[in-house]
Novice: 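Sending over a structure as structure tokens; questions will come in a sec.
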Amino acid sequence: MLELYQRVVLSRNLPEHHLQKGDVLTLVDYVPHSSGDEDGYILEVFNAVGESINVIAVPMSAVQPLKNNEILTVRSLA
């Protein structure tokens, strides 16, 4: 399991939140699923200057840890 408050990367597009695979977010909570479905994470979305713009819930499979051989990029929020 990932650690709270670490930056993570999306492993899939989330068009309902205007987020794309590769976007970097901050993990702020862990959410167990009571009916046996996939557990999830609560993620906070920040803009490029560090302002919080959204908080979303996603399944655990939608995120992965950042790797040391990756670099960050910037895109406009659609």
Novice: Has Asn13 got a side-chain atom pairing as donor or acceptor with Gln20's backbone, closer than 3.5 angstrom?
Specialist: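 No; judged by distance alone, with no hydrogens or angles, the pair does not exist.
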
Novice: In the hydrophobic clustering (ILVMFWY, side-chain contacts below 4.5 Å, transitive), which residues join Val74, or is it alone?
Specialist: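 Once heavy-atom contacts under 4.5 Å are chained together, Val74 still belongs with nothing else.
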
Novice: Can you confirm whether more than 12 heavy atoms, excluding those of Glu70, are under 6.0 Å from its CD atom?
Specialist: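 More than 12 within 6.0 Å, yes.
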
Novice: With heavy-atom distances below 4.5 Å as the criterion, would you say the side chains of Asn54 and Leu19 are in contact?
Specialist: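 No - every pair of side-chain heavy atoms lies 4.5 Å or more apart.
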
Novice: Any heavy-atom pair between the side chains of Arg7 and Leu72 that's under 4.5 Å?
Specialist: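 Heavy-atom side-chain distance check passes, below 4.5 Å.
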
Novice: Should Asp23 and Leu14 be marked as a side-chain contact (heavy atoms from CB on, under 4.5 Å) after you check the CA-CA gap, both sets of side-chain angles, and the distance that decides it?
Specialist: CA-CA 10 Å; Asp23 286 348; Leu14 298 175; over 6 Å; no

Novice: Please check if Val58 and Leu4 belong to a single hydrophobic cluster, counting links between Ile, Leu, Val, Met, Phe, Trp and Tyr side chain heavy atoms closer than 4.5 Å.
Specialist: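 Yes, Val58 connects to Leu4 through the hydrophobic network.
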
Novice: Between Val28 and Val24, is there a shared hydrophobic cluster once you connect ILVMFWY residues whose side-chain heavy atoms come closer than 4.5 Å?
Specialist: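 Per the 4.5 Å side-chain linkage, Val28 and Val24 are not co-clustered.
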
Novice: In chain order, what residues pass the side-chain hydrogen bond (donor to acceptor under 3.5 Å, both in side chains) check against Arg12, with sequence neighbours excluded?
Specialist: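 Checked Arg12 against side-chain hydrogen bond (donor to acceptor under 3.5 Å, both in side chains); matches are Ser61.
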
Novice: If every non-hydrogen atom of His33 is compared with every non-hydrogen atom of Glu38, which pair is closest and at what distance?
Specialist: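 Shortest heavy-atom separation between His33 and Glu38 comes out as CB-O, 3.5 Å.
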
Novice: By the definition side-chain contact (heavy atoms from CB on, under 4.5 Å), identify the one residue from Leu2, Val9, Leu27, Val8 that meets it with Pro65.
Specialist: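 Considering Leu2, Val9, Leu27, Val8, a side-chain contact (heavy atoms from CB on, under 4.5 Å) with Pro65 is found only for Leu2.
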
Novice: Donor-acceptor check, side chain of Ser11 to backbone of Ala62, threshold 3.5 angstrom: yes or no?
Specialist: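 Checking the backbone N and O of Ala62 against the side chain of Ser11, a donor-acceptor pair under 3.5 Å is found.
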
Novice: Side-chain contact, heavy-atom cut-off 4.5 Å: Val31 with Tyr41?
Specialist: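 Answer no - side chains too far apart.
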
Novice: Side chains of residues 45-53: which donor-acceptor partners sit under 3.5 Å, not counting sequence neighbours?
Specialist:
from  : atom 1 : to    : atom 2 : distance (Å)
Asn47 : OD1    : Val49 : N      : 3.1
Asn47 : OD1    : Gly50 : N      : 3.1
Asn47 : OD1    : Glu51 : N      : 2.9
Asn47 : ND2    : Glu51 : OE1    : 2.6
Ser52 : OG     : Glu44 : OE2    : 2.5

